[in-house]
Amino acid sequence: MDVGWLRQLFTPFGRVEDVYMPSKRSSSFNTKFGFVRFKRREEAINAIEDLDGVAIRNFTIVVQFAKYSKDNPVTSQMNLDGVKKVNPGPSIHSWQPKPTELQSKQRASNSSSYADILKGGSSGRLKLVEAKEVGLGWLQKSAVGKLINFCHVNTLQDLFISNGTWDAQIRHMGGLNVLISFDSIESLNDFLKDETKVLSKWFSSVQAWDNQKIPPSRCVWISCYGVPLNAWCSSTFIEIGKFWGDVIKLDELTEKSIAFDKGRMFIITDYLDCINEVVHVKINGVIFPVKVIEDPMAETSWEKRVFTSIKIKKGNDKEVKEAVVETDPGDDESLDFDVDKAELENEMEFVEEVAETNVEVEKAIGTEERALQLINVNMQGSIDKAANSSSGVEASGWGSGKIMDSMRETAANNTTLNINFDPPTFVRLNMCIQIPRASLSILADNQDSWVEDSVKENPVIDENLRGENDEDEIIPEHHTEAYRIENEPHSTSIKAAINGVKNHGVPETMIENVHRIAREFFRLPESERLKNYSDDPSKTTRLSTSFNVKTDKEVAEYCTSVRGLTLRLLGAISESLGLDRDYVSGQLGSHGQHMAMNYYPPCPEPELTYGLPGHTDPNLITILLQDDVPGLQVLHKGKWVAVNPIPNTFIINIGDQMQVISNDRYKSVLHRAVVNSDRERISIPTFYCPSPDAVIGSAPELVDDEDRRPAVYKKFTYQEYYDKFWNRGFATECCLDMFKV
Ligand SMILES: O=C(O)CCC(=O)C(=O)O
Ligand SMILES: [Fe+2]
């Protein structure tokens with residue numbers, strides 16, 4: 001028996017504040033004794049009534065009110081309401097058959113007393129830190145929301161954005177609490193008033209920040225050893241968990257009775273001590289001690305890693321590595337994952353050795369993909385170097401066969417293939433995050449209604465962008481027609497993002513090739529894929545054996561062809577703004593073009609995660625190729641609209657730089673990708689960018705102070721913008737706002 005045991009014995013009667021058990025036994029009776037302090041007197045009375053004289057195994061327990069000497073300074077010095085009120089009485093708790101007489105002198109002279117413990121430890125001093133007050137400025141613009149359900153901060157962030165609130169920064173505080181900080185008191189007040197009533201659906205309570213009103217709360221995994229097998233069911237675990245808080249879920253092994261070595265559950269608690277106690281489970285009149293221990297290594301907080309991973313998405317490989325290291329250790333879920341992987345490798349070897357039929361190999365691949373579900377791999381092919389190496393080559397120059405050839409060659413030699421682990425999926429799936437039903441139905445409704453719309457609407461650009469010959473710089477006049485936007489560039493941004501462009505001039509075989517290459521890559525065993533991993537972002541890694549030269553060439557051809565399309569689009573967009581055809585491309589310095597291949601594994605519960613959270617692309621324009629699995633969504637009139645794939649059609653996402661150059665006529669498009677329950681999804685965006693040193697500003701022709709069209713943005717270099725975009729923390733304001741005049 002120990003302090004934990006004692007605590008558990010008394011916990012059912014009320015809130016146990018302290019338990020003290022001197023190491024010495026009572027000299028007179030050779031009994032063990034201890035003290036339990038309740039928050040309320042009635043709780044202590046109930047405990048005495050129920051436990052005094054009860055036999056537990058071979059002990060009989062005696063429970064009585066403790067006696068404190070009147071001059072004991074503790075009662076007067078400390079805030080000990082419960083103690084002050086107790087009736088004086090015998091002070092010994094005995095584990096022996098009831099003694100006739102109990103004494104209170106047994107305290108060993110060299111051990112600390114219960115009174116000392118109450119004062120704050122054996123040294124008699126409270127462990128007190130005098131803290132300096134900080135951060136009041138922003139804390140006073142913050143609110144604390146208690147979520148109804150577990151929910152990822154990025155999900156919440158999206159919700160705020162779609163509700164028109166861009167300046168909310170959301171941070172997890174532990175348990176179900178999140179801190180929501182605003183840029184201004186007005187925004188805070190608007191949120192607290194919550195006139196739209198959208199946000200309140202997510203929170204059980206919301207209040208302006210006030211430290212004194214918010215109890216610390218945390219989530220923790222606890223393991224229970226010794227639960228009798230005839231009591232092994234969720235209700236027993238839920239009852240055990242209730243001693244400390246609310247049970248959120250049992251782990252799979254426990255729930256499905258796969259192993260009985262320990263029962264494990266995830267709880268939310270405001271108990272601050274590390275849980276390490278004994279509880280008693282009574283079944284058929286027999287009491288079984290069960291040891292309950294908190295798992296301090298299990299990862300229970302997710303928000304930090306999600307922020308890291310947002311950066312990862314755009315290929316800061318150093319952070320990728322750190323994030324992977326950070327994600328794995330101590331996370332039981334990832335341990336399970338490692339085991340799976342090891343088993344899987346064996347399984348694959350076996351399959352290869354024994355039966356090398358296609359079907360079986362397919363099966364093995366399928367298994368692996370399932371086991372690797374928790375990892376989202378992002379492969380990036382970049383022809384940046386190629387573009388830079390032919391620096392000075394501008395839009396018109398790309399038509400020349402000579403330059404094209406040299407570009408192709410350089411691209412082929414420098415194509416990078418960086419594999420980034422993208423942990424959001426991994427983290428989120430592990431975290432049993434739930435999106436409240438209300439929001440799910442919004443997404444679902446949109447998807448349904450969109451299916452109808454997508455049949456009715458035609459791609460925004462048809463016929464008009466096809467180059468007779470990809471290498472031909474002559475773009476017939478009528479190509480601009482589609483982007484004659486009737487003074488509605490913004491709606492064109494949305495249409496291009498939702499409806500896409502057809503007849504774009506990129507040959508179908510090239511599109512099929514990149515789809516195939518991406519699929520082949522993601523089906524490689526992980527060990528093969530990892531060969532392409534580099535933690536040096538500046539390093540261009542030659543494609544490994546899995547990608548032969550032929551493949552390089554195919555990727556390069558695709559990139560070149562997409563580049564042709566992009567330049568035609570830029571020309572059309574320039575003209576739609578009343579600018580010279582090559583105005584926009586002339587603002588970019590040496591053009592940069594990055595291609596990514598995003599892999600979204602199937603997720604059995606897609607509503608619990610996002611593949612890619614809501615964002616605008618920081619570059620100029622993105623030419624996005626999707627496979628046939630839906631997943632892309634665009635924010636339109638405050639609602640997420642599903643962009644269902646149309647074969648052989650590109651989605652065009654206007655990026656932030658186009659918004660700046662057009663002085664807000666074209667708006668960058670907020671989009672995100674969700675995952676699919678049973679099918680993998682691959683998307684292949686080509687990001688077209690200015691060179692890092694290009695100075696970006698609104699076209700002078702589009703700035704007219706008298707016409708009430710002043711410049712919306714300051715001038716900046718693309719490098720400045722890019723740095724700010726990835727370093728601002730995902731949860732803060734829209735990056736463009738940071739560059740407003
Ligand atoms: O997968 C998609 O459809 C979207 C990809 C995307 O938005 C991106 O990579 O920036
Ligand atoms: Fe994007």
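In each ligand, atom 1 is the first atom listed, and ligand 1 is the first ligand listed.
Atom CZ of Arg519 is separated from atom CD of Glu512 by 9.0 Å, given to the nearest 0.5 angstrom.
Residue Asp617 approaches the Fe ion (ligand 2) most closely through its N/O/S atom OD1.
Those atoms of ligand 1 that come under 4.0 Å of a heavy atom in Phe687, given as number and element, are 8 (C), 9 (O), 10 (O). Counting atoms of ligand 1 from 1 in the listed order, those under 4.0 Å from a heavy atom of Asp617 are 10 (O). For ligand 1, the atoms sitting less than 4.0 Å from at least one non-hydrogen atom of Pro685 are 9 (O), numbered in the order shown with element in parentheses. Which parts of ligand 1 touch Asn598 is read off a 4.0 Å heavy-atom cut-off, strictly below it: atoms 5 (C), 9 (O). Near Leu624, the atoms of ligand 1 lying under 4.0 angstrom from a non-hydrogen atom of the residue are 3 (O).
Proximity of Leu624 to Ile652: side-chain heavy atoms (C-beta onward) are nowhere separated by under 4.5 Å. Residues Ile621 and Leu570 are in side-chain contact: their nearest non-hydrogen atoms beyond the backbone lie under 4.5 Å apart. You'll find the side chain of Asp664 reaches within 4.5 Å of the side chain of Gln659, heavy atoms only. Using a 4.5 Å heavy-atom threshold, the side chains of Pro690 and Gln657 count as touching.
The aromatic rings of Phe650 and Tyr558 sit tilted relative to each other, their planes meeting at an angle between 30° and 60°.
The heavy atom nearest to atom 7 (O) of ligand 1, out of those in His671, Arg681, Arg672, is found in His671.
Taking any N or O of Ser683, backbone or side chain, at least one lies under 3.5 Å from an N or O belonging to ligand 1.
With hydrogens and angles ignored, the 3.5 Å screen pairs no side-chain donor or acceptor of Asp656 with any backbone N or O of Leu736.
At a heavy-atom cutoff of 4.0 Å, ligand 1 is contacted by no atom of Ile651, backbone or side chain.
Not a single heavy atom of Gly631 sits closer than 4.0 Å to an atom of ligand 1.
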